[in-house]
Trainee: 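Got a structure here, written out as structure tokens. Questions coming.
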Amino acid sequence: MKKLSALCLLSLALTGCVNPGKASVQPEQLEGHRFVLENVDGAAVTPGAVAPEIRFGEKLAVSGVMCNRFSGEGKLSEGELKVKEMTMTRKLCADAQRNELDQAITTMLRQGAQVDLTEDQLTLTTAEKTLMFKRVE
């Protein structure tokens with residue numbers, strides 16, 4: 001009986017140690033959806049007149065607005081989103097946070113950001129910054 005109990009405990013312990021690996025987000029999970037930015041590094045974002053957002057179209061076309069509008073063709077590889085050829089309008093916003101968000105999204109998408117999608121929450125993460133979005137469409 002002791003051996004059986006020990007075997008059961010050992011199997012439970014080993015089961016807890018098994019890491020099945022995190023499933024990568026697939027393009028079809030993002031395509032056709034719009035996400036509004038809710039917080040940056042845990043701090044809430046004020047929506048303003050135009051809410052900062054990111055959209056995903058067919059073939060992973062990425063577009064959105066922080067202060068300026070941006071767009072480009074995204075590539076997903078092993079959970080990392082990159083937009084190498086990204087275009088952006090060039091206006092200066094009165095809101096300093098929006099200007100910082102322009103720089104953050106540009107850097108993240110050009111260099112690559114880890115993507116996590118759970119329920120209606122999209123998270124883009126790099127070593128320096130985390131942007132959390134809520135799906136609205």
Side-chain angles (χ1 to χ4, degrees):
M1 185 68 164
K2 286 182 182 181
K3 288 182 182 181
L4 183 59
S5 295
L7 185 59
C8 286
L9 286 174
L10 181 60
S11 67
L12 284 174
L14 290 176
T15 303
C17 294
V18 174
N19 182 0
K22 195 173 189 178
S24 292
V25 174
Q26 299 301 310
E28 54 273 5
Q29 292 174 279
L30 299 172
E31 290 175 355
H33 295 289
R34 177 177 157 245
F35 300 86
V36 173
L37 184 63
E38 290 192 318
N39 73 60
V40 177
D41 297 329
V45 173
T46 50
V50 176
E53 68 175 44
I54 189 167
R55 292 177 181 257
F56 297 92
E58 290 182 24
K59 297 183 181 175
L60 212 56
V62 178
S63 63
V65 63
M66 293 297 155
C67 168
N68 287 282
R69 297 199 174 276
F70 61 90
S71 64
E73 185 180 328
K75 299 276 187 223
L76 261 176
S77 177
E78 297 181 10
E80 182 181 64
L81 174 65
K82 281 188 179 182
V83 181
K84 290 190 178 192
E85 302 286 325
M86 192 164 83
T87 60
M88 183 177 273
T89 57
R90 295 179 175 248
K91 67 178 182 175
L92 183 65
C93 286
D95 184 347
Q97 182 185 40
R98 294 298 176 100
N99 290 316
E100 290 173 16
L101 288 172
D102 274 346
Q103 183 61 41
I105 198 74
T106 299
T107 302
M108 291 178 93
L109 294 178
R110 285 189 176 150
Q111 293 178 359
Q114 284 301 123
V115 179
D116 182 38
L117 181 63
T118 53
E119 296 293 320
D120 289 335
Q121 183 176 318
L122 172 74
T123 306
L124 299 179
T125 308
T126 64
E128 297 80 29
K129 188 134 328 262
T130 299
L131 303 180
M132 291 179 66
F133 298 82
K134 180 172 178 70
R135 183 183 358 228
V136 292
E137 289 178 16

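For the numbers below, each heavy atom of this structure counts, side chains included, while hydrogens, waters and symmetry mates do not. Every value quoted in this text rests on a predicted model; they were computed, and no experiment measured them.
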Trainee: Side chains of I54 and F70: does their closest heavy-atom pair fall under 4.5 Å?
Mentor: yes
Trainee: State whether the side chain of Q26 and the backbone N or O of S24 hold a donor-acceptor pair below 3.5 Å, judged by distance alone.
Mentor: yes
Trainee: Between L76 and M108, is there shared hydrophobic-cluster membership here, with clusters defined by ILVMFWY side-chain heavy atoms closer than 4.5 Å?
Mentor: yes
Trainee: Would you check if V62 and M86 make a side-chain contact, meaning some heavy-atom pair closer than 4.5 Å?
Mentor: no
Trainee: List the atom of L60, the atom of E31, and the distance in Å for their closest heavy-atom pair.
Mentor: N-OE2, 3.1 Å
Trainee: Do L81 and F56 have side-chain heavy atoms sitting under 4.5 Å apart?
Mentor: yes
Trainee: Can you find a heavy atom in the side chain of T106 that is under 4.5 Å from one in the side chain of M88?
Mentor: yes
Trainee: Could you check T46 against Q97 for side chain to side chain contact (heavy atoms under 4.5 Å, CB included), going step by step and ending with a plain yes or no?
Mentor: CA-CA 9 Å; T46 50; Q97 182 185 40; 3.5 Å; yes
Trainee: Which distance, rounded to the nearest 0.5 Å, do you find between the NZ of K82 and the CG of L109?
Mentor: 11.5 Å
Trainee: Only pairs at least two apart or in different chains count here, so list each salt bridge (Lys or Arg N to Asp or Glu O under 4.0 Å) that has a residue in residues 58-76.
Mentor: E73-K75
Trainee: Taking ILVMFWY side chains as joined if any heavy atoms are under 4.5 angstrom apart, and letting links pass through other members, which residues group with V65?
Mentor: V50
Trainee: Report the residues that fulfil side-chain contact (heavy atoms from CB on, under 4.5 Å) with T123, sequence neighbours left out, ordered by chain and then residue number.
Mentor: D116, Q121, T125, T130, M132
Trainee: Taking the side chain as every heavy atom from C-beta outward, state whether L124 and F35 have any pair of such atoms under 4.5 Å apart.
Mentor: no
Trainee: Could I get the full list of side-chain hydrogen bond (donor to acceptor under 3.5 Å, both in side chains) partners for N99, not counting sequence neighbours?
Mentor: none
Trainee: At their closest point, which heavy atom of R98 faces which heavy atom of P52, and how far apart are they?
Mentor: NH2-CD, 3.4 Å
Trainee: What closest approach, in Å, do V83 and G74 show between heavy atoms, and which atom pair accounts for it?
Mentor: CG2-CA, 3.8 Å
Trainee: Tell me, which pairs form a disulfide bond (SG atoms under 2.5 Å apart) where one or both residues lie in residues 89-130, sequence neighbours left out?
Mentor: C67-C93
Trainee: Please collect all salt bridge (Lys or Arg N to Asp or Glu O under 4.0 Å) contacts where either partner lies in residues 125-137, sequence neighbours excluded, each pair once.
Mentor: R34-E137, D41-K129, R55-E137, D120-R135
Trainee: About how many Å separate OG1 of T87 and CG of N68, when rounded to the nearest 0.5 Å?
Mentor: 11.0 Å
Trainee: State, yes or no, whether a side-chain contact exists between V25 and L122 at a heavy-atom distance under 4.5 Å.
Mentor: no
Trainee: How close do F133 and E53 get, heavy atom to heavy atom, and via which atoms?
Mentor: CE2-C, 4.4 Å
Trainee: Can you tell me how far the CD atom of E100 sits from the CG atom of D95, to the nearest 0.5 Å?
Mentor: 9.0 Å
